[in-house]
Amino acid sequence: MDLRIFTEPQQGADYDTLLRVARATEDLGFDAFFRSDHYVSMGSGDGLPGPTDAWITLAGLARETRRIRLGTLMTAGTFRLPGVLAIQVAQVDQMSGGRIELGLGAGWFEEEHTAYGIPFPKEKFGRLEEQLAIVTGLWKTEVGKTFSYEGEFYRLTDSPALPKPAQDRIPVLIGGHGASRTPRLAARYADEFNVPFASLEESELQFGRVRAAAEAAGRAADDLVYSNALVVCVGKDDAEVARRAAAIGRDVDELKANGLAGSPAEVVDKLGRYAAIGSSRVYLQVLDLDDLDHLELISAQVQGRLG
């Protein structure tokens with residue numbers, strides 16, 4: 001199983017903090033560094049020193065890391081026009097030497113839109129479907145040819161469809177809990193399907209829906225990677241687990257029920273149960289970005305036991 005580090009910088013992290021975590025991610029042997037795409041903190045925190053933009057952050061990290069994959073869970077479709085997003089992601093992929101992955105979602109947090117003057121359309125899922133068609137269509141267009149698109153929400157005419165990513169195909173991640181439209185969209189566009197913050201039972205059900213949608217679309221279900229995102233809180237003993245849970249304002253029992261929490265052995269066991277339902281990749285949501293010892297423990301005692 002691949003373990004990836006997943007951060008929520010809107011809760012309070014500047015670029016230097018994210019760079020330290022990304023370098024630790026690389027040095028400790030994790031597969032990738034991902035971040036959320038939000039502009040306002042959630043919950044009771046003040047969010048200081050303020051938000052960082054996802055793709056500006058990844059552009060910087062692309063030049064300051066060498067091995068790890070870099071990406072978003074999930075870029076908000078409401079934040080960027082699809083043609084502009086295709087340019088941004090392709091450029092950052094070039095800057096990284098071909099290590100970028102794009103998680104793209106519809107956008108959902110209305111408060112951050114009103115806070116920064118970003119339109120919050122009523123119909124978001126239809127826009128997301130058109131955005132996926134446009135972004136992937138622009139990247140696939142042969143050099144020297146043009147791309148046009150006529151949709152309900154977006155229209156492109158004779159786009160040069162440049163620049164091209166360094167990768168032949170940038171992996172596209174789609175995720176969520178929707179029972180019908182989301183699996184259908186994943187079957188058409190996704191290289192990876194992610195179920196965020198869900199139980200084993202919920203994850204297994206959603207993976208099954210996506211597998212069925214892929215087969216109905218004439219695609220092998222195993223063409224997709226199936227993954228989870230789960231909060232992580234590991235300690236070498238109960239006291240350390242409790243300390244780390246308190247640092248992020250969470251209850252240990254709740255974290256054990258809804259995330260990956262406890263001793264390394266407990267977390268390895270739970271990861272094994274997710275693997276048994278078809279998850280081959282887990283994004284570890286790390287909420288205390290100053291606790292690099294936490295990452296070291298996970299690398300040595302969790303990742304090291306997974307093989």
Side-chain angles (χ1 to χ4, degrees), residues 1-4 6 31-32 34 69 71-77 82 85-86 89 93 98 100-108 123-142 147 149-154 165 167-230 270-284 306-307:
M1 176 176 282
D2 293 333
L3 296 184
R4 295 182 160 190
F6 170 40
D31 181 62
F34 272 58
R69 307 288 295 177
T72 50
L73 279 182
M74 300 283 185
T75 287
L85 180 62
V89 178
D93 193 52
I100 292 299
E101 303 184 12
L102 172 63
L104 185 59
W108 62 272
E123 175 51 65
K124 292 181 285 297
F125 199 92
R127 290 175 183 271
L128 172 62
E129 188 162 7
E130 291 191 12
Q131 289 165 336
L132 286 161
I134 291 166
V135 170
T136 58
L138 286 167
W139 290 338
K140 290 188 294 187
T141 299
E142 295 179 17
F147 175 83
Y149 183 86
E150 185 76 16
E152 181 181 354
F153 305 104
Y154 303 104
Q167 299 175 86
D168 291 336
R169 179 184 176 94
I170 290 180
V172 172
L173 289 73
I174 294 174
H177 301 274
S180 57
R181 297 177 75 184
T182 297
R184 176 180 56 78
L185 207 58
R188 183 172 182 183
Y189 292 107
D191 298 280
E192 177 178 339
F193 185 77
N194 180 266
V195 181
F197 312 115
S199 68
L200 287 157
E201 295 75 17
E202 293 169 324
S203 299
E204 185 173 24
L205 177 61
Q206 191 67 339
F207 289 160
R209 290 171 176 154
V210 174
R211 296 178 72 88
E215 291 171 353
R219 182 179 180 187
D222 288 340
D223 280 351
L224 285 85
V225 172
Y226 298 88
S227 65
N228 288 90
L230 294 162
K270 194 163 187 180
L271 285 169
R273 284 182 272 154
Y274 275 95
I277 63 164
S279 183
S280 62
R281 180 174 291 159
V282 172
Y283 295 80
L284 305 175
L306 293 174

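For this chain, numbers begin at 1 and follow the sequence in order. Only a predicted model underlies this, so the values are computations on that prediction, with no experimental measurement involved.
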Check your understanding: Please walk me through it: do Ile277 and Tyr226 pass side chain to side chain contact (heavy atoms under 4.5 Å, CB included)?
Key -> CA-CA 10 Å; Ile277 63 164; Tyr226 298 88; over 6 Å; no
**Study point:** Heavy atoms of other groups near Glu142 CD, more than 12 under 6.0 Å
**Key:** no
**Study point:** Shortest non-hydrogen contact between Gly107 and Ala76, atoms and distance
**Key:** CA-CB, 4.1 Å
**Study point:** Nearest heavy-atom neighbours spanning Ser280 and Val225
**Key:** OG-CG1, 3.6 Å
**Study point:** Rounded distance [0.5 Å steps], CG in Leu102 versus OG1 in Thr136
**Key:** 10.0 Å
Point to revise | Phe207 vs Asn228, side chain to side chain contact (heavy atoms under 4.5 Å, CB included): CA-CA, chis, key distance, verdict | key: CA-CA 10 Å; Phe207 289 160; Asn228 288 90; 3.6 Å; yes
**Study point:** Whether Gln167 side chain and Asp93 backbone form a donor-acceptor pair below 3.5 Å
**Key:** no
Check your understanding: What is the distance from atom CZ of Arg127 to atom CD1 of Ile134, rounded to the nearest 0.5 Å?
Key -> 11.0 Å
Exercise for review: Could you tell me whether the side chain of Leu185 reaches within less than 4.5 Å of the side chain of Phe125, counting heavy atoms only?
Suggested key: yes
Check your understanding: Do Gln131 and Leu85 pass the side chain to side chain contact (heavy atoms under 4.5 Å, CB included) test, and can you show the C-alpha distance, the side-chain angles, and the key distance before you say yes or no?
Key -> CA-CA 9 Å; Gln131 289 165 336; Leu85 180 62; over 6 Å; no
Exercise for review: Going by the side-chain contact (heavy atoms from CB on, under 4.5 Å) test, name the single residue among Asp2, Leu3, Asp31 that passes it with Val282.
Suggested key: Leu3
**Study point:** Heavy-atom pair of closest approach, residues Glu130 and Tyr149
**Key:** CG-OH, 3.2 Å
Exercise for review: Please report the shortest heavy-atom distance between Leu224 and Ala186, naming the atom on each side.
Suggested key: CD2-O, 4.0 Å
Study note, to complete from the structure: On a heavy-atom basis, the closest approach of Ala198 and Val195 is CB-CG1, 3.4 Å
**Study point:** Flag side-chain contact, heavy atom, 4.5 Å: Phe34 against Leu173
**Key:** yes
Review point. What's the spacing between Phe153 CZ and Glu123 CD if we round to 0.5 Å?
Key: 4.5 Å
Review point. With a 4.5 Å limit on heavy-atom distance, are the side chains of Val135 and Val172 in contact?
Key: no
Practice item. Taking all heavy atoms of Ala133 and all of Phe147, pick out the closest pair and write down the distance. Key: O-CZ, 4.1 Å
**Study point:** From Phe193 atom CZ to Ile174 atom CD1, the distance as rounded to the nearest 0.5 Å
**Key:** 8.5 Å
Study note, to complete from the structure: d(Ile100 CD1, Thr72 OG1) to nearest 0.5 Å is 8.5 Å
Practice item. Report yes if some heavy atom in the side chain of Val89 is under 4.5 Å from a heavy atom in the side chain of Pro165; otherwise report no. Key: no
Point to revise | Donor-acceptor contact below 3.5 Å, side chain Ser279 vs main chain Ala275 | key: no
Can you give the donor-acceptor pairs under 3.5 Å from side chains of residues 208-216 to other protein atoms, not counting sequence neighbours?
| unit_1 | atom_1 | unit_2 | atom_2 | d |
| --- | --- | --- | --- | --- |
| Arg209 | NH1 | Gln206 | OE1 | 3.0 |
| Arg211 | NH1 | Asp222 | OD1 | 3.1 |
| Arg211 | NH2 | Asp222 | OD1 | 2.8 |

Point to revise | salt bridge (charged side-chain N to carboxylate O under 4.0 Å, His left out): pairs with one or both residues in residues 172-191, sequence neighbours excluded | key: Glu129-Arg184, Arg169-Asp191
Exercise for review: Look up atom CG in Leu284 and atom CG in Leu230, then write down how far apart they are to the nearest 0.5 Å.
Suggested key: 8.0 Å
Revision key, fill the gap. Taken in chain and number order and not counting sequence neighbours, the residues that satisfy side chain to side chain donor-acceptor pair (under 3.5 Å) with Glu192 are Ser227, Arg281, Tyr283
Exercise for review: Check whether any side-chain heavy atom of Ser199 lies under 4.5 Å from a side-chain heavy atom of Glu204, and answer yes or no.
Suggested key: no
